[in-house]
Amino acid sequence: MTLIELFETARARLQAAPLAYGQGSTNAHDEAAWLLLWRLGLPPDSDLSALAAQPVAPEQAQAVLALIDERIATRRPAAYLTRQAWLQGVPFYVDERSIVPRSLIAELIAAAEGTDCLDDWLGTHTQRVLDLCTGNASLAVLAALAWPEVQVDAADLSPAALAVARINVQQHGLTERVRLIESDGWAALPERYDLILCNPPYVCRSSMQALPPEFCAEPALALDGGLHGGTDGMDFIRTLLAQAAAHLQPEGVLVLEIGHERTHFERAFPGLPAHWLHTSAGPDAVLLLTRAALELWQGSPLVPEQAA
Ligand SMILES: C[S@@+](CC[C@H](N)C(=O)[O-])C[C@H]1O[C@@H](n2cnc3c(N)ncnc32)[C@H](O)[C@@H]1O
């Protein structure tokens with residue numbers, strides 16, 4: 001069997017199965033390529049057409065198809081099967097203790113230029129970075145790699161997720177520059193930061209109830225903050241925003257991912273002067289707040305606590 005014949009068999013099996021994607025790949029073609037290349041020990045960015053005619057030994061082909069069948073039978077995300085995920089070309093260790101790295105904030109860290117380049121909001125004053133809700137530490141690691149001069153605090157409530165984070169920080173040789181902190185929200189974070197990155201739990205109750213098995217395999221704490229979806233998924237973000245200004249330096253900014261929840265977000269935080277940043281998910285999945293904007297909003301009669 002040639003490699004391309006094996007790939008086509010794998011792709012067809014995935015295509016025919018009722019699988020959910022979005023945890024490292026978005027379709028059966030890419031997922032088949034990922035699993036096949038990983039099982040054969042080939043680089044994940046290999047050009048399949050260049051390898052098309054390469055013969056694959058029967059036992060190797062069997063191993064690839066067994067992995068494809070495991071993906072279909074268990075509905076576990078591919079990254080939990082391979083124990084590896086890639087974000088912006090950077091490899092991360094991953095297992096069921098943290099979600100599969102896929103934050104849109106990674107795109108903003110990686111973009112060196114463009115209308116929504118994060119660098120436009122940063123400067124020589126940017127020394128201290130916080131990755132709040134760090135999980136697997138992918139954003140903390142990407143930030144430390146992108147900005148060699150910064151120190152990063154990476155905080156999470158889950159000791160299990162922090163164990164995964166520790167593996168990634170060590171594998172990237174960043175233990176001197178990325179500090180892992182167990183913290184419930186702001187609780188163990190007395191410092192002020194120049195840049196806060198946060199991909200928080202924000203999945204609302206109805207979305208939690210409709211999650212496909214692949215996403216149920218991830219820690220619920222990472223998706224709904226352990227609040228069983230709250231009502232609108234905004235409970236963690238309420239706590240976050242209430243104290244965010246106090247944890248930012250005067251020129252500091254908070255970059256917050258909210259996925260497809262802009263409606264819930266704007267209903268929960270009316271009048272909040274957010275700067276929406278474009279990502280591959282569109283113009284309203286990630287927003288940026290300056291400390292000045294947060295302070296202005298906190299003085300506004302529209303702040304939920306005051307309006308209630
Ligand atoms: C959506 S995941 C993000 C993980 C990682 N930053 C990423 O983008 O792949 C949210 C993370 O928030 C953490 N978390 C949930 N509630 C928290 C809380 N109250 N305080 C701190 N972290 C919390 C979860 O353990 C989980 O790792």
Side-chain angles (χ1 to χ4, degrees), residues 20-27 30 86-90 99-123 126 129-133 135 138-139 142-143 146-147 193-204 206-208 210-211 215 222-225 229-230 232-238 240-241 244-245 248 251-298 300 302-304:
Y21 299 100
Q23 294 157 299
S25 79
T26 57
N27 56 68
D30 294 352
W86 294 76
L87 194 60
Q88 295 297 324
V90 176
I99 67 161
V100 179
R102 55 179 174 277
S103 173
L104 298 163
I105 294 173
E107 296 175 18
L108 299 167
I109 295 172
E113 54 192 29
T115 45
D116 287 322
C117 175
L118 210 47
D119 280 351
D120 291 348
W121 301 87
L122 312 179
T126 310
V129 175
L130 170 65
D131 174 17
L132 184 54
C133 299
S138 50
L139 295 179
L142 289 174
W147 304 301
Y193 296 92
D194 303 301
L195 171 65
I196 298 172
L197 308 171
C198 187
N199 178 21
Y202 53 70
V203 182
C204 69
S206 58
S207 298
M208 282 301 285
L211 283 181
F215 291 83
L223 304 178
D224 73 356
D232 61 357
M234 295 292 128
D235 292 354
F236 179 85
I237 298 177
R238 282 188 184 86
L240 174 83
L241 295 187
L248 284 168
E251 300 297 313
V253 295
L254 163 68
V255 177
L256 179 65
E257 180 162 341
I258 57 150
H260 303 292
E261 305 294 337
R262 183 168 178 170
T263 307
H264 284 138
F265 181 84
E266 291 189 327
R267 203 173 290 146
F269 310 107
L272 184 63
H275 182 93
W276 294 90
L277 300 172
H278 283 251
T279 66
S280 59
D284 49 13
V286 180
L287 59 115
L288 181 145
L289 292 160
T290 63
R291 176 172 142 177
L294 282 159
E295 286 175 334
L296 187 72
W297 174 72
Q298 278 171 329
S300 142
L302 288 175
V303 174

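Side-chain atoms are counted along with the backbone in the values below, which use heavy atoms only and exclude waters and symmetry mates.
- For Ala143 against Val129, the heavy-atom pair with the smallest separation is CB-CG1, 4.5 Å.
- By the 4.5 Å heavy-atom criterion applied to side chains, Val253 and Leu248 are not counted as neighbours.
- Between Phe265 and Leu272, the closest side-chain pair of non-hydrogen atoms falls below 4.5 Å.
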Legend entry - Candidate pair Ile237 and Phe269, rule side-chain contact (heavy atoms from CB on, under 4.5 Å), full reasoning: CA-CA 10 Å; Ile237 298 177; Phe269 310 107; 3.6 Å; yes
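- With rounding to the nearest 0.5 Å, the separation of CG in Asp284 from OG1 in Thr279 is 8.5 Å.
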Inset, instruction - Walk me through it: do Ser207 and His260 pass the test side-chain contact (heavy atoms from CB on, under 4.5 Å)? - result: CA-CA 11 Å; Ser207 298; His260 303 292; over 6 Å; no
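- To the nearest 0.5 Å, atom CG of residue Leu197 and atom CG of residue Leu118 are 7.0 Å apart.
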Legend entry - side-chain contact (heavy atoms from CB on, under 4.5 Å) evaluation trace for Asp232 with Arg238: CA-CA 11 Å; Asp232 61 357; Arg238 282 188 184 86; 2.7 Å; yes
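- Atoms CD1 and CE, on Ile258 and Met234 in that order, are 6.0 Å from each other to the nearest 0.5 Å.
- Each salt bridge (Lys or Arg N to Asp or Glu O under 4.0 Å) pair with one or both residues in residues 263-272, not counting sequence neighbours, appears once here: Arg262-Glu266.
- Contact check for Ser138 versus Ser103: no side-chain heavy atoms found under the 4.5 Å cut-off.
- Judged as a salt bridge (Lys or Arg N to Asp or Glu O under 4.0 Å), and not counting sequence neighbours, Glu251 has no contacts.
- The shortest heavy-atom contact between Arg291 and Ala245 is CD-O, 3.6 Å.
- Ile196 contributes atom CD1, which lies 5.5 Å from atom CG of Leu130 (distance to the nearest 0.5 angstrom).
- Nearest heavy-atom pair across Pro200 and Glu257 is CD-O, 3.2 Å.
- Across every non-hydrogen atom of Ile105 and Asn199, the tightest pair is CD1-N, 4.3 Å.
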Inset, instruction - With side-chain contact (heavy atoms from CB on, under 4.5 Å) as the test, would you mind laying out the steps for Leu289 and Trp297 before giving the verdict? - result: CA-CA 10 Å; Leu289 292 160; Trp297 174 72; over 6 Å; no
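- Counting heavy atoms from C-beta on, the side chains of Leu288 and Thr290 come closer than 4.5 Å.
- Between Gln88 atom CD and Leu142 atom CG the span is 7.0 Å, to the nearest 0.5 Å.
- Across Ala20 and Phe215, no two heavy atoms sit closer than the pair CB-CE1, 4.3 Å.
- When all heavy atoms are compared, the tightest approach of Leu240 to Leu254 is CD2-CD2, 4.4 Å.
- Side-chain contact between Leu122 and Trp147: present, with at least one pair of heavy atoms (C-beta onward) separated by less than 4.5 Å.
- Between atom OH of residue Tyr202 and atom CG of residue Asp224 there is a gap of 12.5 Å, rounded to the nearest 0.5 Å.
- At least one side-chain heavy atom of Pro201 sits less than 4.5 Å from a side-chain heavy atom of Phe236.
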